[in-house]
There are 2 protein chains.
Amino acid sequence: MARPRQALLTKERIVEAAAALIDAEGLDACSMRRLATELGVQGPSLYNHFATKAEIVDAVAEVVVAQVDISVFHGNDWREALRLWAKSYHAVLAAHPNIVPVLATGPGRRPAGLAMAEAVYGALIDAGWSRARATHIGALMRYLITGSALGSFALGFDADPELYDHYPHLHRAHELAAHRDAVDEGAFQLGLDLLITSLSDRYDLGVRR
Amino acid sequence: MARPRQALLTKERIVEAAAALIDAEGLDACSMRRLATELGVQGPSLYNHFATKAEIVDAVAEVVVAQVDISVFHGNDWREALRLWAKSYHAVLAAHPNIVPVLATGPGRRPAGLAMAEAVYGALIDAGWSRARATHIGALMRYLITGSALGSFALGFDADPELYDHYPHLHRAHELAAHRDAVDEGAFQLGLDLLITSLSDRYDLGVRR
DNA sequence: GTGCTTAAACTAGCGGCGTAAGTTTTTACA
DNA sequence: TGTAAAAACTTACGCCGCTAGTTTAAGCAC
């Protein structure tokens, strides 16, 4: 087939298919040939629309980050805004866990990531935090959110019960996987609570740097 | 060459070379052929000592985690122990950043990882935290530590100043990379402080579940 | 309308990847 | 001393990202 009368591919179609493939089968499954197959096309044809595979994956990351609600930074106290944003971010990553390793390396040049950084940092600055502290708080929130999204704590423990025979306190660790949601959600909620309440305490004491 | 009079490879030599290669050039550079070359051997020879590449990488992760100081859980108050352990863990990961993605998926079946989980969880249980809360706190610490080790927050922002023209609060974001250590260390220290002091407050109030 | 440039598909192929299979030689033990 | 296991080798398979060159259609200038 040479150039078709109607283009088979668009950037949007490619990104959509890549996102679906990554969600369904993981980053490794999303090879250029496989992705092309999903789109009914040969592998190298994708290079007519993206220069590299990294650009495609980046575009997927972009649409995922764009789903995070940053409107909460308007009209809310910085504490409440931070909490709502973190929950939204966490929920988005929970819905697309396979792309998290890409996001964990930072906003890079992605508009949605930069817009999010702008919103978070701006809100903290406007609240009166020093530039250094606002940066730290932003980084810290990212550590918590991506750290929790990156690998399930509960699933990090092998399910083989015998493995824990020699670790007296871990004798029920093989049950963690069954309570995955409660464990991982509970830890995230606790972390968010602890961080925001203690930041709030400092703030109220006037310690903003 | 057939079987040599003196074995060219041992598990230890392979793991040592793999660790050095990963530290120096990253996970991607550590291919079976490349690793074999470093050891003066052909690629498939490695399979006489390890069944898969994953086993080699896992062994590297094991020796890295084994460097974390878990002796601090003996003879220290749980708060102080947690703080000292977290700093040690953080320092180890900072010294071997390229292996962090492997650790971030959890202890799996690695003895050092399990021993660490045992020490942390055991200390929290012994201090009087409920099983659920001890699990949450352990997970939370891992989120903070691996989250901060995984990707530098400071380096996550592209160095191109023009990129930030349309983000009023980010106009100095391109300078972050230059202060990478201060930013990343400051955020981690802040997070550790906030988490431990607020956990300590709850604990002192008798809220241990 | 004709001709030129560009776009978007194709096929073929390069070097690298993890790993399987089979070969050769040495070592260790019955 | 004969045999089995160990540890190196070579060869090869099917993936991978990506490049080069080809073909045909589309869009635009004159």
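All values below were derived from every heavy atom in this structure, side-chain atoms included, with hydrogens, water molecules and symmetry-related copies excluded. Lettering follows sequence order; numbering is per chain, from 1. This is a predicted model, so every value here is computed, not measured.
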Visitor: Quick one: A:Arg33 CZ to C:dC10 C1', roughly how many Å, whole number?
Guide: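 These atoms are roughly 14 Å apart.
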Visitor: Assess, by modelled atom type and distance only, whether the side chains of A:Glu185 and A:His90 contain a donor and an acceptor separated by less than 3.5 Å.
Guide: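 Indeed, the side chains of A:Glu185 and A:His90 share at least one donor-acceptor pair under 3.5 Å.
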Visitor: Just N and O in the side chain of A:Ser31: are any of them under 4.0 Å from OP1 or OP2 of D:dC16?
Guide: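 Answer is yes, contact under 4.0 Å.
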Visitor: Can you check the A:Met32 CE to D:dG17 C1' distance for me, whole Å?
Guide: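 From A:Met32 CE to D:dG17 C1': 7 Å.
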Visitor: A:Asn48 has an atom CG; how far is it from atom P of D:dC18, in whole Å?
Guide: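 Those two atoms, CG and P, are 14 Å apart.
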Visitor: For A:Asp160, is the CG atom crowded, meaning more than 12 foreign heavy atoms sit under 6.0 Å from it?
Guide: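 Result for CG/A:Asp160: enclosed.
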Visitor: Would you say C:dA7 has OP1 or OP2 under 4.0 Å from some side-chain N or O of A:His49?
Guide: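 So the side chain of A:His49 is outside the cut-off, no N or O lying under 4.0 Å from OP1 or OP2 of C:dA7.
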Visitor: Tell me: CZ of B:Phe50 to P of C:dG18, nearest whole Å?
Guide: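 Between P of C:dG18 and CZ of B:Phe50: 15 Å.
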Visitor: Round to a whole Å and report the spacing from CG of B:Leu46 to C1' of C:dA21.
Guide: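 For the pair B:Leu46 CG and C:dA21 C1', the rounded distance is 17 Å.
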Visitor: Are A:Phe157 and A:His174 an aromatic pair by the rule of ring centers under 6.0 Å?
Guide: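 No, ring centres 6.0 Å or more apart.
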Visitor: Can you tell me the distance, in whole Å, between the CD1 atom of A:Ile56 and the C1' atom of D:dC16?
Guide: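 My rounded result for the distance is 14 Å.
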Visitor: Would you mind classifying the nucleic acid contact of B:Ser45 as base, sugar-phosphate or nothing, using non-hydrogen atoms under 4.0 angstrom?
Guide: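 The answer is base, as B:Ser45 lies within the cut-off (heavy atoms under 4.0 Å) of a base atom.
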Visitor: Indicate the ring-plane relationship of A:His169 and B:Tyr121, choosing parallel, tilted or perpendicular according to the 30° and 60° boundaries.
Guide: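 It falls in the perpendicular class, over 60°.
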